[in-house]
Amino acid sequence: MRENPKYLAILAVVAKIPKGNVSTYGEIAALSGFPRCARLVGTALRSDASGPDTPWHRVVNSQGKLSFPQGSANHNIQKQRLMDEGVVFHTGIINLKQYGWDRDLDKTLWS
DNA sequence: GCACTGACTCCCA
DNA sequence: ATGGGAGCCAGTG
């Protein structure tokens, strides 16, 4: 597990998320080659490598919310880091239309 | 080896 | 718009 290629693929995708942007579990799963396996993404980030260079905080659920209950340590860390990168929380929710990582948008704005 | 759980998502009522 | 249920893959007991 620790060095599971599936996880590496997922982590690799997560690492590709541009700073200041966020992506969803489903998106990550699809991009890493596992459509509909959103849970794997979560598991990968939780148990696996998710080392210091894995920006797991840029991964939120499809509703643009953090996957941790408000008040939990992880929630705070994630929120803090995202705000650090310029992501704005609107009543605890991120506007995916604006910050969601869209590959086309990425091409246009970040290339 | 079976069954439950989980950092999720989608579809239907 | 909101809530409930099923689907998915791996990890863990």
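Chain letters run A, B, ... following the sequence lines, proteins first, then strands; residues in each count from 1.
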Inset, instruction - Kindly say if A:Lys6 contacts the phosphate of C:dA10, meaning a side-chain N or O under 4.0 Å from OP1 or OP2. - result: yes
Legend entry - Side chains of A:Val13 and A:Val41 in contact at under 4.5 Å (non-hydrogen atoms): no
Inset, instruction - Check every atom of C:dC9, C:dT12, B:dC8 against the side chain of A:Arg39 and return the nucleotide holding the closest atom. - result: B:dC8
Legend entry - Selected nucleotide, minimal atom distance to A:Thr43 side chain, candidates B:dG6, C:dC9, B:dA7: B:dG6
Inset, instruction - Give a yes/no answer on whether the side chain of A:Tyr7 brings an N or O atom under 4.0 Å of OP1 or OP2 in C:dG11. - result: yes
Legend entry - Protein-nucleotide distance (A:Arg46, atom CZ; B:dA7, atom P), rounded to Å: 8 Å
Legend entry - Nearest-nucleotide pick for A:Cys37, side chain only, options being B:dA7, B:dG6, C:dC9: C:dC9
Legend entry - Heavy-atom closest contact (A:Asn61 atom, A:Thr24 atom, distance): O-CG2, 3.7 Å
Inset, instruction - Determine whether A:Trp101 and A:Leu31 make a side-chain contact, defined as any pair of heavy atoms from C-beta on separated by less than 4.5 Å. - result: yes
Inset, instruction - Can you sort out which residues in residues 60-84 of chain A have a heavy atom within less than 4.0 Å of DNA chain B? Ascending by number, please. - result: A:Asn61, A:Ser62, A:Ser67, A:Phe68
In a table with atom names and distances, give each donor-acceptor pair under 3.5 Å that connects a side chain of residues 73-80 of chain A to protein atoms at least two apart or in another chain.
unit_1: A:His75; atom_1: ND1; unit_2: A:Phe68; atom_2: O; d: 3.1
unit_1: A:Gln78; atom_1: NE2; unit_2: A:His57; atom_2: O; d: 3.0
unit_1: A:Gln78; atom_1: NE2; unit_2: A:Val59; atom_2: O; d: 2.9

Inset, instruction - Please tell me which of the listed nucleotides, C:dC9, B:dG6, B:dT9, lies nearest to the side chain of A:Thr24? - result: B:dT9
Legend entry - Nearest-0.5 Å distance that lies between atom CD1 in A:Ile10 and atom CG in A:Leu40: 5.5 Å
